[in-house]
Amino acid sequence: MTRDLPVRDVAVVAFAQTDHRRTSEELSEVEMLMPVLHAVLAQTGLKTADIGFTCSGSSDYLAGRAFSFTLALDGVGAWPPISESHVEMDGAWALYEAWTKLLTGDADTALVYSYGKSSPGPLRDVLTRQLDPYYVAPLWPDSVALAALQAQALIDAGDTDEPALATVAARSRDDATANSHAQLRGSVPQGEYVVRPLRTGDCPPIGDGAAAVILAAGERARELCDRPAWIRGIDHRIEAHGLGVRDLTDSPSTRLAAEKAGAFERPVDTAELHAPFTSQEVVLRKALKLDGSVRVNPSGGALAANPVMAAGLIRVGEAAARIHRSESDRALAHATSGPCLQQNLVAVLEGDPR
Amino acid sequence: MPEVLKAPLVVEFPFTRSLGPVQGAFLTGLRERVVLGVRTSDGRTLVPPVEYDPVTAEEIRDLVEVAPTGTVTTWAWNHAPRRDQPLDTPFAWALVRLDGADTALLHALDAPGPDAVHTGMRVRVRWAEERVGAITDIACFEPYDDSPNGGGPAEPAHHTGEFEDPVTGIVAPARLDYTYSPGRAQTAYINALADRRNVGERCPSCRKVYVPPRGACPTCGVATLEQVEVGPRGTVTTFCIVNIKAKNLDIEVPYVYAHIALDGADLALHGRIGGIPYDQVRMGLRVEPVWTEGARYPDHYRPTGEPDADYDTYKELV
Ligand SMILES: [Zn+2]
């Protein structure tokens, strides 16, 4: 199989995130976000005026604040006017847009950020508003219920069972003890059923947080970072919106995105998977053909911190940061959006040979 | 740290959506206790039906009736139903492949408990008593014994999908309840305003004073932390005349809504102008706030009687 390589070398050169918490009620969205923007710029020594393109991801539904992304832009310092864009999606898709912008040669650097405040609203119900408005949304099936349908399908297919899911939960929170930003760390009880077969331990924590990365192209990346995390490929794919049309035990969109991103050309040593529910890690491992040799979610993943709209970008950031620290040479980052892994993005990152 | 201000915030909206030929027929069918699917060119039957083949994107219009009975393909036990969900007693969410269909429909399944539910179990539609042409015309599914003792399998009729008085749209109400908290800068502003003081914040970089403060200087992208009291008087920088009465607002039209640069502020805030006929309000008019007993913010602004401000003194703030 041959694949067209990106026309330009673009790398993640810096990554910052907040501590993710159950609530950030004492801060507005921009007040929560701004320190992360300052931190990521400080890592590179860049100022807002040095950034060629800025792109953000967020959703007004989370906190119920219309046009909150325009207020968040206050934290960037957008004067004189900057080249800027926003996606009503996870920040991983903002990163995708920024990456394409850099490929065109229109810019050499990009700031990508995303944030989510889930604490002001009823998140499980808020997420029902993204569903098919004719046949599904009027029933208000909440996010845990839909994930539970997928988990039961996996159990019925013999792909997992409740003890195996508990193992995923425990490993994630155990790994998160090394991640000071994580919301749930260490020993977390598996708890009672939320929606059977999923227990509290199988579900992500609900919380607030923000993240930012800086992308740079070519030599600019080498100037800004000792070991840039080069994006060797990135792709995103979506499945039919009808849940009953899909095989919930598989993720063909993830597999296709991974193929297009070049993930299967050589083994990766690390994978940061955006699997908010334990059962979704089972699906992703299968779709991505990850075996025991791959370190999965050393950060603790979304089971340790799941700021909605930022958790996918954080996967890219965490994978890149491991390359920056020379803890990885080739890493896969995955982000998801929608119910039961409906839409999936895969990026493959590499460090220069050591 | 001062106490975090909080207030309930309800976001409520009725979405009015048109349906088109396939979804309209399906929802009209539910009103008439008929379940319709749509056939793809490779012979699959999709229930619920869609207008375009999810695999090929081909336009599909061939409606076929399927049975109101089917098989659970996956399920999840919901012991604590949430507001607006189909049943208010514990139930199973289920994907049900109706007899004659190749895909599954999401709905609630009324069962006594999780031990009574399993993948592969037979269920049938329980119709809502009042049906309007909506997915909720299916009240839920219920367990169904299709052995000969239980009455045997249901046979679909062969409905054409043509109905009298078809449903062409739905109104889908949605309500989400939030707890709003304004953050550090606006909390300080609101608390000061309760003492009838306007306290803005100064940018440490460009020195501009923002009222109300939003916590960051939008020009410099840095936190504004130095608090500065401004006003109470100010200058009308620009205005408009409102001629349409807003819902739930007890103000006679026409009235004037204006941008007001409080003395010492580098950004105009807005407020209503009163105490002067609407057609005499002008740029440069000097105004002051009018408070009502117990209010947490000025009711409106009225002329101070001072000479109008020179355009040059406020032109940067227009
Ligand atoms: Zn400033």
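The model shown is predicted, which means the values in this text are computed figures rather than measured ones. Sequence lines set the chain letters: A, B, ... in the order given, protein chains first and strands last, and positions in each chain run from 1. When reading the values below, keep in mind they use all heavy atoms of this one structure, side chains included, and skip hydrogens, waters and symmetry mates.
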Asks: When heavy-atom pairs shorter than 4.5 Å are enumerated against chain B, which of A/Ala151, A/Ser119, A/Gly77 gives the highest number?
Replies: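 The candidate making the most pairs under 4.5 Å is A/Gly77.
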
Asks: Assess, by modelled atom type and distance only, whether the side chains of B/Glu58 and B/Ser41 contain a donor and an acceptor separated by less than 3.5 Å.
Replies: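 On atom types as modelled, these side chains qualify, holding a pair under 3.5 Å.
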
Asks: Please work out whether the ring planes of B/Phe141 and B/His107 are parallel, tilted or perpendicular, with thresholds of 30° and 60°.
Replies: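 Ring orientation of B/Phe141 relative to B/His107: perpendicular.
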
Asks: Any donor-acceptor pair under 3.5 Å linking the side-chain atoms of B/Tyr178 with those of A/Arg65?
Replies: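 Side-chain D/A pair, A/Arg65 to B/Tyr178: absent.
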
Asks: With distance as the sole criterion, is a donor-acceptor pair present between the side chains of A/Ser253 and A/Glu239 under 3.5 Å?
Replies: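 Looking only at side-chain atoms, A/Glu239 and A/Ser253 do form a donor-acceptor pair, the distance falling under 3.5 Å.
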
Asks: Measure B/Ala223 against the heavy atoms of chain A and call it side chain, backbone, both or neither at under 4.5 Å.
Replies: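 Backbone plus side chain of B/Ala223, per the 4.5 Å heavy-atom cut-off to chain A.
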
Asks: Checking A/Glu25 against chain B: side chain, backbone, both or neither under 4.5 Å from a heavy atom?
Replies: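 Backbone plus side chain of A/Glu25, per the 4.5 Å heavy-atom cut-off to chain B.
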
Asks: Please state whether the side chain, the backbone, both or neither of B/Leu106 comes within less than 4.5 Å of a heavy atom of chain A.
Replies: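 Interface part for B/Leu106: both.
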
Asks: Chain A heavy atoms under 4.5 Å from B/Asp177: which part of the residue, side chain, backbone, both or neither?
Replies: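 Contact with chain A is through the backbone of B/Asp177 alone.
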
Asks: Do A/Thr200 and A/Tyr193 have side-chain N/O donor and acceptor atoms under 3.5 Å apart?
Replies: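 No, no side-chain donor-acceptor contact under 3.5 Å.
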
Asks: Heavy-atom cut-off 4.5 Å, strictly under: side chain, backbone, both or neither for B/Arg82 against chain A?
Replies: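 The side chain, not the backbone.
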
Asks: Which atoms of B/Pro49 come close to chain A, meaning under 4.5 Å heavy atom to heavy atom: side chain ones, backbone ones, both, or neither?
Replies: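 B/Pro49 touches chain A through backbone and side-chain heavy atoms alike.
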
Asks: Would you mind telling me which of B/Cys217, B/Ala172, B/Ala174 has the largest number of heavy-atom pairs within less than 4.5 Å of chain A?
Replies: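 Of the candidates given, the most pairs with chain A belong to B/Ala174.
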
Asks: Is A/Ala63 close to chain B through its backbone or its side chain, or both, or neither, when contacts mean heavy atoms under 4.5 Å?
Replies: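 When you check distances to chain B, only backbone atoms of A/Ala63 fall under 4.5 Å.
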
Asks: Under 4.5 Å, counting heavy-atom pairs only, tell me which of A/Gly121, A/Pro120, A/Ala148 racks up the most with chain B.
Replies: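 If we count pairs closer than 4.5 Å to chain B, A/Pro120 comes out on top.
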
Asks: Within a strict 4.5 Å, meaning less than it, do heavy atoms of the A/Ser118 and A/Val308 side chains meet?
Replies: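 Counting from C-beta outward, A/Ser118 and A/Val308 do come under 4.5 Å.
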
Asks: Could you check which of B/Asp84, B/Val11, B/Leu9 has the highest count of heavy-atom pairs closer than 4.5 Å to chain A?
Replies: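 The residue among B/Asp84, B/Val11, B/Leu9 with the greatest pair count is B/Asp84.
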
Asks: Heavy-atom distance under 4.5 Å to chain A: side chain of B/Ala101, backbone, both or neither?
Replies: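 When you check distances to chain A, no heavy atom of B/Ala101 falls under 4.5 Å.
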
Asks: Evaluate the side-chain proximity of B/Trp77 to B/Val117: yes if any heavy-atom separation is below 4.5 Å, no if none is.
Replies: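 Yes. Closest side-chain heavy atoms under 4.5 Å.
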
Asks: So, is the end of the A/Arg129 side chain (NZ or CZ) under 6.0 Å from the ring centre of A/Trp140 and within 45° of the ring's axis?
Replies: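 Yes, A/Arg129 and A/Trp140 form such a contact.
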
Asks: Given a strict heavy-atom distance threshold of 4.5 Å, which part of A/Leu146 is in contact with chain B: side chain, backbone, both, or neither?
Replies: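 Interface part for A/Leu146: side chain.
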
Asks: Closer than 4.0 angstrom, basic N to acidic O: yes or no for A/Lys286 and A/Asp159?
Replies: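 So A/Lys286 pairs with A/Asp159 through a salt bridge.
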
Asks: Counting only heavy atoms closer than 4.5 Å, note whether B/Pro86 contacts chain A via side chain, backbone, both or neither.
Replies: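 Both parts, backbone and side chain.
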
Asks: Given heavy-atom pairs under 4.5 angstrom as the criterion, report whether the side chain, backbone, both or neither of B/Ile138 touches chain A.
Replies: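 Answer is neither: B/Ile138 stays 4.5 Å or more from chain A.
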
